[in-house]
Amino acid sequence: MTIAVFGQLVIAGILLGGVYALLSVGLTLIFGVVRIVNFAHGDFVMLAMYATYFLWVLNLDPYLAAPLVTAAFFLFGMAVERLVIRRTLTAPHLVQVFVTLGLSVVFVSFAHLAWSADFRIVRTAYSAAVVALGPIRVTVVGLVAFLVAMATSGLLFLFLRKTQIGAAIRATAQDRQTAAVMGIEVPRVYNLTFGLGIACAGLAGALLVPMYPAFPSVGLGYALIAFVVVILGGLGSFPGAIIGGLLVGVIEMLSGFYLAPSLKEAAYFALFIGVLVLRPAGLLGIRGSELTGIEP
Amino acid sequence: MRRAITGCSLAVAMACVVLMSAASWAQPQPIRIGTIFPLSGSLALLGETQMNGALIAVDVVNERGGLKGRAVQIVKADAPNPGAAITEANRLIGSEGVKLIVGSYASSIASAWAGAAERAGIIHFELGGVADSITQRGFKNVFRVPPTGSSLGFAALDYARLVLAPALGIPSDKLKVALVYEDSEFGASVAKGLSTKAKELGIQLLAVPYTKDSSDLTPVVLRIREASSDVLLSVQYINDAILFWKQARQLGLNIKAHVGMGAGHFEKSFPDAVGRDANGVFIAGPPIELNPAGLSETARKNAADFYGRYEKKHGKKPSSIAMMGFTGMMILLEEVLPATANPDDPASIREALLRVDKPVGFTASGWGVKFNPPGPNGGHNERAFWVIRQWQDGELYTVYPKQFGVRSPILVPLPAWDKR
């Protein structure tokens, strides 16, 4: 029985970890390229959860709504970059931190005011559907979330590696002055990248809402996880964010069961501290990447 | 001419004022009772509900002629947090000059101003705060009507071992009980009391705490599943109660009976979110909608009066939280104050409070009334108790104690998830 439980926890952890990975990929992209720490990242996820929820109330299946939400959040991200973030790019770091923190406060307060603190739960015909692989039970929604998250991360990776725009983004990440000299419009790259990062957060939210409830402060938990994942995996490292996400998901589940459910967060934070002490740049990062940037 | 008119009008006005004050002089002074409830902030929804229940009692008594011809007048205060509770208590006592204050729904609020009342020699009559500590501080002026928070856990555990275990054919020393609870003050205090009691009774209890705003409870559900517990007791708020029960289905946690003790399982939002899966879940909680056969004549009349008036005034059925407000206030207005020699003197009120002696079944909640004399747990009403209700067809029905039960329990044991 215990092997089955272990297996159950690992699988559940990997499935959830896939979504963590997607959300962290967005964060690491923003950090790696625009060099901004987006403290509001989790709250973009929260807004996307609500957006998907309300589309569901209007009778649109969450999985059909997901592409819409992702596209909308891509545009939303670009708008936020243009209107808010851009003005802080030449300002001291502290200003940038406070701007995204401020956005976070605005989003959460808005959600609280507009939609109250009640949990919003999406219930579809397949919400409770479970696929049994032997003694291991996998929820259909969890499986779909994982597959879509992984596919999207893969596509994004290919986009960055194989397309011209992708190359422009990577070039800007490596050295923005030289990129500008080479004719790359750096502000447009920033705008696009921020949009992409927020689109990832938006998709993550749409994938999470069939599984978990939406409420105004749900973003904080996801933001914390995203930060742990990104730093664990190495700032600016795309594969690092993916591996980090899966690792954190699995550790959350295992520690919740074998230690105590209330120690879930403590466990992955302990791992996080451990990795940083032994490998300060994170698992796949390169030292100094927070200053010079790295190939995403 | 103008001066004459001004002079006449002034004279008329003065005459009116004299007549009016003479008129109010002729009426006896109202009895002023302060109220302290959270009417804003996170506790507002239920604070207001309880206050509304209490106000129905005031309406009833005033319509019946008041207390010896004196109308009952309420002086309201809003205490969204413990700090405000103390300030408001001092205001009611100092500026408003009340000698008797009722409150407060939430234990944290009640505990805060109890000290202020005690120090000022004012009576604190508690309608809804259930924390044991409220009557364990050696205060002489604090009286509390509902049962203690710790006894909530015992009520659930007793139901599990005395009623459910035999119904499931499990001897109580072989009964495996799991207790899942959110780890903030309420959950932790119920859990502590329960763990001690279970140990005393020799019952195997697995305690699984978790943090209230977790968005995933997989490890919690799996722990209980792997322990093969027979009966589940839970202390959960609304959102985690829903999430837990959903994940219990997803992960195949097949428990034979579930008794909830927290706000999460009392509200309509539970069956609204989990649909038919709510049916069969028991709750241990404050009484409401009891079988009239178990109540005294007075109680039956008062209960019917309460349900009718509340629904008419507020457009919906009252909850058990409102019933607590009504019951306590009726005890004060019908049994205590009429028997008080001088209702404006706290010492006199205290004396009347200690003399009240009514059997179980006497009030609309089914509770009796007998406040402990000063000493350990002084001021606590020994004849209050919790009832067991069960979700059936999307509504809650009282099932235990038997004399107050409206329906018999169903779905014992709960069918496995794949058979529902």
Side-chain angles (χ1 to χ4, degrees), chain A residues 1-2 4-6 8-9 11-13 15-16 19 45-46 49 116-123 127-132 135-142 208-209 211-222 225 249 252-267, chain B residues 41-45 180-184 187-188 191 206-228 236-254 264 267-277 417-418 420:
Chain A
M1 221 36 207
T2 19
V5 170
F6 181 78
Q8 174 77 66
L9 292 164
I11 301 283
L15 292 189
L16 188 56
V19 185
V45 176
M46 175 271 289
M49 287 175 87
S116 90
D118 287 339
F119 278 25
R120 307 293 179 138
I121 300 177
V122 163
R123 286 178 74 192
S127 285
V130 166
V131 171
I136 296 183
R137 305 168 75 107
V138 166
T139 57
V140 165
V141 290
L208 284 168
V209 87
M211 298 190 273
Y212 299 116
F215 53 96
S217 41
V218 74
L220 179 63
Y222 291 129
I225 290 172
E252 235 196 312
M253 292 292 170
L254 289 177
S255 62
F257 183 85
Y258 292 109
L259 291 177
S262 23
L263 288 178
K264 270 193 326 187
E265 283 99 18
Chain B
S42 58
L43 298 166
L45 187 65
V180 64
Y181 64 99
E182 62 83 31
D183 59 10
S184 78
L206 168 72
V208 187
Y210 65 90
T211 316
K212 162 161 87 77
D213 287 324
S214 301
S215 52
D216 182 271
L217 296 171
T218 304
V220 178
V221 174
L222 286 180
R223 271 196 153 195
I224 299 169
R225 191 185 82 182
E226 292 311 302
S228 306
Q236 301 178 305
Y237 286 109
I238 295 174
N239 301 311
D240 35 316
I242 294 169
L243 183 63
F244 179 84
W245 209 226
K246 275 182 65 181
Q247 293 198 293
R249 176 187 258 279
Q250 278 169 7
L251 295 164
L253 168 63
N254 288 313
E267 305 285 320
K268 208 68 173 74
S269 39
F270 182 60
D272 283 346
V274 304
R276 286 201 327 268
D277 289 350
W417 290 111
D418 50 10
R420 292 216 222 172

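Predicted model only: the values in this text are computed from it and were never measured.
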Student: Using side chain to side chain contact (heavy atoms under 4.5 Å, CB included), reason through B/Leu251 and A/Gln8 one step at a time and then give a plain yes or no.
Tutor: CA-CA 9 Å; B/Leu251 295 164; A/Gln8 174 77 66; 3.9 Å; yes

Student: With a 4.5 angstrom heavy-atom cut-off, which part of B/Val221 approaches chain A: side chain, backbone, both or neither?
Tutor: neither

Student: Distance from B/Asp272 atom CG to A/Ile121 atom CD1, nearest 0.5 Å?
Tutor: 10.5 Å

Student: Tell me, side chain or backbone of A/Tyr222 under 4.5 Å from chain B's heavy atoms, or both, or neither?
Tutor: side chain

Student: Measure the shortest side-chain to side-chain distance between A/Tyr212 and B/Gln247 over non-hydrogen atoms and say whether it is less than 4.5 angstrom.
Tutor: yes

Student: Under 4.5 Å from any heavy atom of chain B, what part of A/Ser255 do you find: side chain, backbone, both or neither?
Tutor: neither

Student: Could you check which of B/Ser269, B/Gly252, B/Pro219 has the highest count of heavy-atom pairs closer than 4.5 Å to chain A?
Tutor: B/Pro219

Student: So, taking the atom named CZ in A/Arg137 and the one named CG in B/Leu222, what distance separates them when rounded to the nearest 0.5 Å?
Tutor: 10.5 Å

Student: I need the residue from A/Glu252, A/Glu265, A/Met253 with the largest number of non-hydrogen atom pairs under 4.5 Å to chain B.
Tutor: A/Met253

Student: Is it the backbone or the side chain of B/Val274 that comes under 4.5 Å from a heavy atom of chain A, or both, or neither?
Tutor: backbone

Student: Drop me the distance from B/Lys246's NZ to A/Arg123's CZ, to the nearest 0.5 angstrom.
Tutor: 8.0 Å

Student: Highest number of heavy-atom pairs under 4.5 Å with chain B: which of A/Leu208, A/Leu259, A/Leu254?
Tutor: A/Leu259

Student: With only heavy atoms counted, which part of B/Asp277 is less than 4.5 Å from chain A, the side chain, the backbone, both or neither?
Tutor: neither

Student: Could you look at B/Leu217 and say if it's the side chain, the backbone, both or neither that has a heavy atom under 4.5 Å from chain A?
Tutor: neither

Student: List the atom of B/Arg223, the atom of A/Phe257, and the distance in Å for their closest heavy-atom pair.
Tutor: NE-O, 2.8 Å

